[in-house]
Amino acid sequence: MAKVELKGIGKVYDGEVRAVDNANITIEDQEFVVFVGPSGCGKSTTLRMVAGLEEISEGDLFIDGERMNDVAPKDRNIAMVFQNYALYPHMTVYDNMAFGLRIRKTDKAEIDRRVKEAARILDIEKLLDRKPKALSGGQRQRVAVGRAIVRNPKVFLFDEPLSNLDAKLRVQMRAEISELHNRLKATMIYVTHDQVEAMTMGDKIVVMKDGKVQQIGSPLYLYNHPVNKFVAGFIGSPPMNFLTVKIVEKGGQIVADEGSFEVVPTAEQQKILKDYVGKEVYFGIRPEGLVYQSTPAPKSNMQMKVTVKEPLGAETHLYLATKTQVLIAKVGPDVVLQLGDTVNFVPEMEKARFFDKETELSICDDVKSE
């Protein structure tokens, strides 16, 4: 397969609209990398520049050490799976999968071998004589993936391939694509706006916002060590809670004062937060980092009112209101609370994060991009 390197890649439309700005990304050989971010963040544009479907305005693209900026898409030895499948409606599944090889004048016996092998891998051997209109959404997606497999490309590109499927089928196809990656040992780049897809599928995640790469790293690294408030809020479901707090000094220790309650940072966090005494910062805590207390805790007790309950079976999501802010907590099915109840939670401060209110960068966590 191949190593893909984006060095200072940028895309500017009409000389003024900057869709991608100075992207520096390395995808190692056989790695599964996911580009994730909200709509309009530049992830699909970046993928299309790798494919050659968008011209690169700035920077250099290398595949296996060879500069690809001016190489035609057909000569880059990549295969792309689109959101809308892009199947030919008048062709059978077999012919859809074989079409690209026929254009390249591949030997007929080799075409047959590759198509049948891809069909076996994807479990669509019984569908080869059908046309796309006779297939379900999941089956069409498998055909689109099969059309990419038969080409034996150096790099597979996926542009939000599961967004047209229902929730159950998306989960199934996520697992199938991950299994396919493990089987083919291929270099894959996958674009999605769904952070759950990113967390469950990628070896490495590239988080983007407003055309800029925010952070690159493994799913768990980004989850535990977000470089800024955006990454912290985007990675994780439900997202991290953010409360505006004021850093004050009381009795020789640093305290984060929310107005309704106070939380006491860890000793390490206090050392860094000394520089923020008298200032407001963002206090971030994930829903699972809030521990329910049946009675008020002696320290860092967050007393709040239950405003919404979302029972999900194995867990319940509670929306909790302070005097001015709302946050979400996860509790087990054994915790029975009613709307309007005043409840007590204690944050696991080792898992808490603080962010500068002006820059929104992480304050107390030694984070890096990779």
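These numbers come from the heavy atoms of this one structure, side chains and all, not from hydrogens, waters or symmetry mates. This chain uses plain numbering: 1 for the first residue, then up along the sequence.
- A 4.5 Å side-chain heavy-atom check between Lys357 and Thr244 finds at least one atom pair inside the cut-off.
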Quiz prompt | side-chain contact (heavy atoms from CB on, under 4.5 Å) between Ile177 and Met201, worked out | solution = CA-CA 8 Å; Ile177 292 174; Met201 297 177 74; 3.7 Å; yes
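- A distance-only check finds no donor-acceptor pair linking the side chain of Asp14 to the backbone of Glu16 [under 3.5 Å].
- With hydrogens and angles disregarded, no donor-acceptor distance shorter than 3.5 Å links the side chain of Arg151 to the backbone of Leu101.
- Applying the salt bridge (Lys or Arg N to Asp or Glu O under 4.0 Å) test to pairs two or more places apart or on separate chains, those with a residue in residues 161-178 are Arg142-Glu176, Arg170-Asp194, Arg170-Glu197.
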Quiz item: Does the side-chain contact (heavy atoms from CB on, under 4.5 Å) test come out yes or no for Glu280 and Val245, once each step is laid out?
Solution: CA-CA 6 Å; Glu280 286 189 338; Val245 297; over 6 Å; no
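- Residues Phe82 and Phe35 fall within the same hydrophobic cluster, defined by Ile, Leu, Val, Met, Phe, Trp and Tyr side chains chained together at heavy-atom separations under 4.5 Å.
- Here Leu361 is tied to no hydrophobic group at all, with no ILVMFWY side chain closer than 4.5 Å.
- Remark: Phe242 CZ to Tyr282 OH distance equals 9.5 Å, nearest 0.5 Å.
- Atoms CD and CG, from Gln195 and Leu222 in turn, are 11.0 Å apart once rounded to the nearest 0.5 Å.
- Contact detail for Lys11 and Glu54: the closest heavy-atom pair is CE-OE1, 3.6 Å.
- Within the model, atoms CG of Leu327 and CD of Gln325 stand 8.5 Å from one another, a figure rounded to the nearest 0.5 Å.
- Lys108 and Asp112 are not joined by a salt bridge, as no carboxylate oxygen comes within less than 4.0 angstrom of a charged side-chain nitrogen.
- Side-chain contact between Val33 and Val4 is absent, with no heavy atoms from C-beta onward closer than 4.5 Å.
- Proximity of a side-chain donor or acceptor of Glu31 to a complementary backbone N or O of Glu28 within less than 3.5 Å is detected.
- Clustering ILVMFWY residues whenever any of their side-chain heavy atoms sit less than 4.5 angstrom apart, transitively, puts Leu135 in the very cluster that holds Val145.
- No donor-acceptor pair closer than 3.5 Å links the side chain of Arg114 to the backbone N or O of Met97.
- The side-chain heavy atoms of Leu184 and Phe156, taken from C-beta on, include a pair separated by under 4.5 Å.
- Counting heavy atoms from C-beta on, the side chains of Ile111 and Arg102 come closer than 4.5 Å.
- Asp341 places no side-chain N or O within 3.5 Å of a backbone atom of Leu337 that could act as its donor or acceptor partner.
- In this structure, His90 NE2 and Leu87 CG are separated by 11.5 Å, a value rounded to the nearest 0.5 Å.
- Side chain of Glu110 to backbone of Asp107: no donor-acceptor contact under 3.5 angstrom is found.
- Of the residues listed (Ile63, Ile27, Thr26), the one engaging Lys3 in a side-chain contact (heavy atoms from CB on, under 4.5 Å) is Thr26, and it is the only one.
- To the nearest 0.5 Å, atoms NZ (Lys323) and CD (Gln303) are separated by 10.5 Å.
- Looking at heavy atoms from C-beta onward, Lys43 lies in side-chain contact with Glu160 at the 4.5 angstrom threshold.
- In this structure, Asp257 contributes its side chain and Lys246 its backbone to no donor-acceptor pair below 3.5 Å.
- Looking at Glu58 and Arg18, a side-chain N of the basic residue comes within less than 4.0 Å of a carboxylate O on the acidic one, giving a salt bridge.
- The two residues Thr200 and Val196 come nearest to each other via the heavy atoms OG1-O, 2.8 Å.
- For Gly146 against Ala118, the heavy-atom pair with the smallest separation is O-CB, 4.1 Å.
- A 4.5 Å side-chain heavy-atom check between Thr307 and Leu339 finds every atom pair outside the cut-off.
- Side-chain contact check for Gln215 and Asn228: no donor-acceptor pair (N or O, by modelled atom type) lies under 3.5 Å.
- When every heavy atom of Gln30 is checked against every heavy atom of His181, the shortest pair comes out as O-NE2, 2.9 Å.
- Between the Asp64 side chain and the Ala2 main chain, no donor and acceptor come within less than 3.5 Å of each other.
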Self-check item: Step-by-step side chain to side chain donor-acceptor pair (under 3.5 Å) determination, Thr322 to Glu258
Solution: CA-CA 9 Å; Thr322 72; Glu258 192 274 339; 3.0 Å; yes
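- Residues Tyr190 and Asp159 bring no donor and acceptor atom of their side chains to less than 3.5 Å of each other.
- Annotation: side chain of Leu320 is in contact with side chain of Phe345 (closest heavy-atom distance under 4.5 Å).
- Inter-residue side-chain proximity for Val50 and Leu61 is flagged as met; some heavy-atom pair is nearer than 4.5 Å.
- Taking CZ of Phe32 as the start and NZ of Lys185 as the end, the distance is 13.0 Å to the nearest 0.5 Å.
- Under a 3.5 Å cut-off, the side chain of Arg286 and the backbone N or O of Pro239 do not form any donor-acceptor pair.
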Self-check item: Pair Ile285-Val263, side-chain contact (heavy atoms from CB on, under 4.5 Å): steps then yes or no
Solution: CA-CA 11 Å; Ile285 186 73; Val263 295; over 6 Å; no
Self-check item: Full working for side-chain contact (heavy atoms from CB on, under 4.5 Å) between Asn24 and Val213
Solution: CA-CA 8 Å; Asn24 291 283; Val213 173; over 6 Å; no
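- Remark: side-chain polar atoms of Gln270 are paired, donor with acceptor, to backbone N or O of Ile254 under 3.5 angstrom.
- Taking 4.0 Å as the cut-off between side-chain N and carboxylate O, Asp21 and Lys212 count as a salt-bridged pair.
- Ion pairing of Arg113 with Glu117 is absent here, as no side-chain N (NZ or NE/NH1/NH2) approaches a carboxylate O to less than 4.0 Å.
- Of all heavy-atom pairs spanning Asn69 and Asp60, the tightest one is OD1-CA, 3.5 Å.
- Other residues, nucleotides and ligands contribute over 12 non-hydrogen atoms within 6.0 Å of the NZ atom of Lys309.
- A chain of hydrophobic side-chain contacts below 4.5 Å, direct or via other Ile, Leu, Val, Met, Phe, Trp or Tyr residues, connects Leu180 to Val150.
- Residue pairs meeting the salt bridge (Lys or Arg N to Asp or Glu O under 4.0 Å) criterion with at least one member in residues 125-140, sequence neighbours excluded, do not occur.
- A pairwise comparison of heavy atoms in Pro333 and Gly313 identifies CB-O, 3.6 Å as the closest pair.
- When hydrophobic clusters are built by joining Ile, Leu, Val, Met, Phe, Trp and Tyr residues whose side-chain heavy atoms come closer than 4.5 Å, directly or via intermediates, Val281 is not grouped with Val248.
- Both Val20 and Leu6 belong to a common hydrophobic cluster when Ile, Leu, Val, Met, Phe, Trp and Tyr are linked at side-chain heavy-atom distances under 4.5 angstrom.
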